[in-house]
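These figures come from a predicted structure and were not determined experimentally.
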Amino acid sequence: MKQSLSFDTDTLKPLMTDDFVLGIATSSYQIEGATTAGGRTDSVWDTFCRKPGNIADQSTGEVACDHYQHWQEDVALLVELGVEVYRFSISWSRVFPDDSGVVNEEGLSFYRRLAEALRSHGIRPMVTLHHWDLPQYLQDRGGWQNRDTALRFAEYAAAVATGLGSSVDFYTTINEPWCIVHLGHRTGVHAPGLRDQGAAVAATHHLLLAHGLAMQALRERAPSAELGIVLNGGPSYPYSESNADAEAASILESEQIHRFAAPILSGHYPQDFQSQVATYMRPGDLETIAAPCDYLGWNYYTRNLVKPGENGVPEIVTGQDYPLTEMGWEVYPEGLREVISILREHYDVPPLYVSENGAAFEDQLDGETVHDPDRFHYIQRHLQVITDMVQSGVDIRGYICWTLLDNFEWAEGCSKRFGLVHVDFDTQERVIKDSGKAYANLNADKARIMASPREKRIDCAR
Ligand code: IFM
């Protein structure tokens with residue numbers, strides 16, 4: 001008989017306040033399936049998955065968790081887990097299936113029903129507009145290499161904000177633009193599968209411009225929602241003591257963190273990027289990109305160990321100093337503190353959300369239960385780092401765990417499981433793992449604390 005796992009509510013007490021939320025995240029392509037239902041058309045990921053060799057286990061997002069059909073069951077799971085926020089993304093090609101500019105009401109109403117169901121259970125929807133599944137018809141016209149895609153994105157943002165109205169508490173424009181640029185346009189391991197340095201530079205600027213233009217559209221149409229963007233990354237360490245590795249690490253820090261954070265938070269590109277990006281810039285772009293954000297989401301999983309790769313592109317290599325997750329990523333919770341310190345050192349940082357954090361580990365299935373102690377410990381250690389940061393005055397407003405369900409993990413297919421809930425991909429049966437049960441208990445403890453009289457709460461926190 002295994003002992004049940006539980007988070008130490010006492011040490012996490014600084015997070016048990018009205019100013020901090022606990023949540024869970026997913027993304028459209030990774031869970032929805034139903035890729036041809038309700039008028040949806042292909043995204044770049046549908047195309048990418050069709051090419052043999054692109055996905056480790058040859059799976060696709062065609063069915064994934066079939067969340068499109070099972071969404072009510074999934075809302076019930078979120079209720080059982082007791083989360084305060086659910087971060088999900090919208091499939092752009094469900095809302096605009098073609099380039100006619102006409103909204104597909106069927107696509108939009110799927111998300112409206114979802115947001116309303118969440119709110120009816122007291123869960124606050126955090127909507128990401130773009131989590132990598134760019135419509136294929138836009139890719140056919142150059143995708144993020146084409147400035148026009150940024151303008152189309154603003155129209156899409158406007159349509160979503162108009163259609164979902166006040167049922168959404170938070171909007172995120174784009175999830176992890178660095179991944180879209182680096183993995184999608186430079187190393188080609190993600191859709192659209194390009195290996196082209198020039199394409200990566202153009203995509204960087206157009207993604208940032210898209211963010212800025214969408215901020216304007218959202219501000220006008222969703223004045224009460226909190227608006228921001230989600231960036232990602234960890235501190236970069238040289239793989240060895242060589243100067244070349246040190247230089248590669250410093251280049252990666254600049255590319256992953258500053259190339260995105262500097263224009264958004266300070267209205268300029270880092271010096272080492274200015275001449276490359278100049279070709280794509282027009283007067284006023286930087287002002288648009290630097291539109292004030294209500295929050296910055298930061299996704300953190302691991303640190304980077306870096307050495308120079310092909311054509312001067314920094315290469316992230318697998319470390320050996322700390323335990324590894326199934327992704328081959330080191331478990332290094334301190335890196336979260338380090339990356340937030342880098343941000344605070346360089347920028348005037350708005351309130352932060354740790355908008356993704358979690359781990360793929362092999363689960364032990366045991367009848368009706370799923371044991372995943374490593375995932376539990378991973379989350380616990382990161383929550384502890386966040387608690388310490390909150391206590392020392394860093395303005396972090398929430399922790400959003402990645403992810404609700406085992407799902408389609410991009411180029412890794414369905415083989416890497418990050419979920420708090422186990423999914424049997426043959427039957428679509430969902431079973432809450434031990435880590436999910438522990439998260440549910442933490443959320444229940446928090447709800448109990450929040451329901452107690454304020455004076456008593458303050459007393460407990462001392
Ligand atoms: O699954 C992804 C997610 O889509 C974006 N952030 C990282 C996760 C784990 O790789």
### Query
Stepwise, does the ring-ring contact (aromatic ring centres under 6.0 Å, His included) test hold for H185 with W144?
CA-CA 9 Å; H185 293 76; W144 289 115; 8.5 Å; no

### Query
For the residue pair W178 and H182, does the interplanar ring angle fall in the parallel (under 30°), tilted (30 to 60°) or perpendicular (over 60°) class?
parallel

### Message
When you compare the side chains of E338 and Y237, does any donor N or O come within less than 3.5 Å of an acceptor on the partner?
### Response
yes

### Task
Look at the aromatic rings of F153 and H130 and report parallel, tilted or perpendicular, splitting at 30° and 60°.
perpendicular

### Message
Side chains of Q30 and S27 only: does a donor on one sit below 3.5 Å from an acceptor on the other?
### Response
yes

### Query
Does CD in E84 sit with more than 12 non-hydrogen atoms of other residues, nucleotides or ligands closer than 6.0 Å?
yes

## Note on the structure
Only residue of R417, H422, R430 satisfying side chain to side chain contact (heavy atoms under 4.5 Å, CB included) with L405 is R430

### Task
Ignoring hydrogens and angles, state whether a donor on the side chain of T26 or Y86 is under 3.5 Å from an acceptor on the partner side chain.
yes

### Query
With distance as the sole criterion, is a donor-acceptor pair present between the side chains of T17 and D19 under 3.5 Å?
no

### Query
Roughly how far, to the nearest 0.5 Å, is CG of L231 from CG of N175?
9.0 Å

#### Entry: Distance-only donor-acceptor check, side chains E73 and H70, under 3.5 Å
yes

### Pair S435-D372, side-chain donor/acceptor within less than 3.5 Å
yes

### Message
Name the residue from L383, I379, L15 that meets the side chain to side chain contact (heavy atoms under 4.5 Å, CB included) definition with L442.
### Response
L383

### Query
Between S43 and S93, do the side chains contain an N or O donor and an N or O acceptor separated by less than 3.5 Å?
no

#### Entry: Over 12 non-hydrogen atoms of neighbours within 6.0 angstrom of CZ in R50
yes

#### Entry: Sub-4.5 Å side-chain heavy-atom contact between K433 and V421
no

### Message
Between Q428 and D424, is there a side-chain donor-acceptor contact under 3.5 Å, judged purely by atom types and distance?
### Response
no

### Task
Please step through ring-ring contact (aromatic ring centres under 6.0 Å, His included) for the pair Y353 and F170, ending with a clear verdict.
CA-CA 11 Å; Y353 287 84; F170 307 88; 5.6 Å; yes

### Task
Assess the side chains of N232 and Y300: does a donor N or O sit below 3.5 Å from an acceptor N or O?
no

### Query
Can you tell me if H258 and Y347 form a side-chain donor-acceptor pair at under 3.5 Å?
yes

### Query
How about Q136 and T47: does a side-chain donor come under 3.5 Å of a side-chain acceptor?
yes

### Query
Going from CD on Q256 to CD on E176, what distance comes out if it is rounded to the nearest 0.5 angstrom?
9.5 Å

### Message
For E62, I'd like to know if atom CD has over 12 heavy atoms of other residues, nucleotides or ligands within 6.0 Å.
### Response
no

### Task
Hey, can you tell me if F408 and W45 have their rings parallel, tilted or perpendicular (30° and 60° cut-offs)?
perpendicular

### Query
So, Q197 versus N311: side-chain donor-acceptor pair below 3.5 Å or not?
no

### Query
Relative to each other, are the rings of F361 and Y378 parallel, tilted or perpendicular (30° and 60° limits)?
perpendicular

### Message
Under the criterion ring-ring contact (aromatic ring centres under 6.0 Å, His included), I'd like the reasoning laid out for W402 against Y301: C-alpha separation, chi angles, the key distance, then a yes or no.
### Response
CA-CA 10 Å; W402 185 265; Y301 290 87; 7.5 Å; no

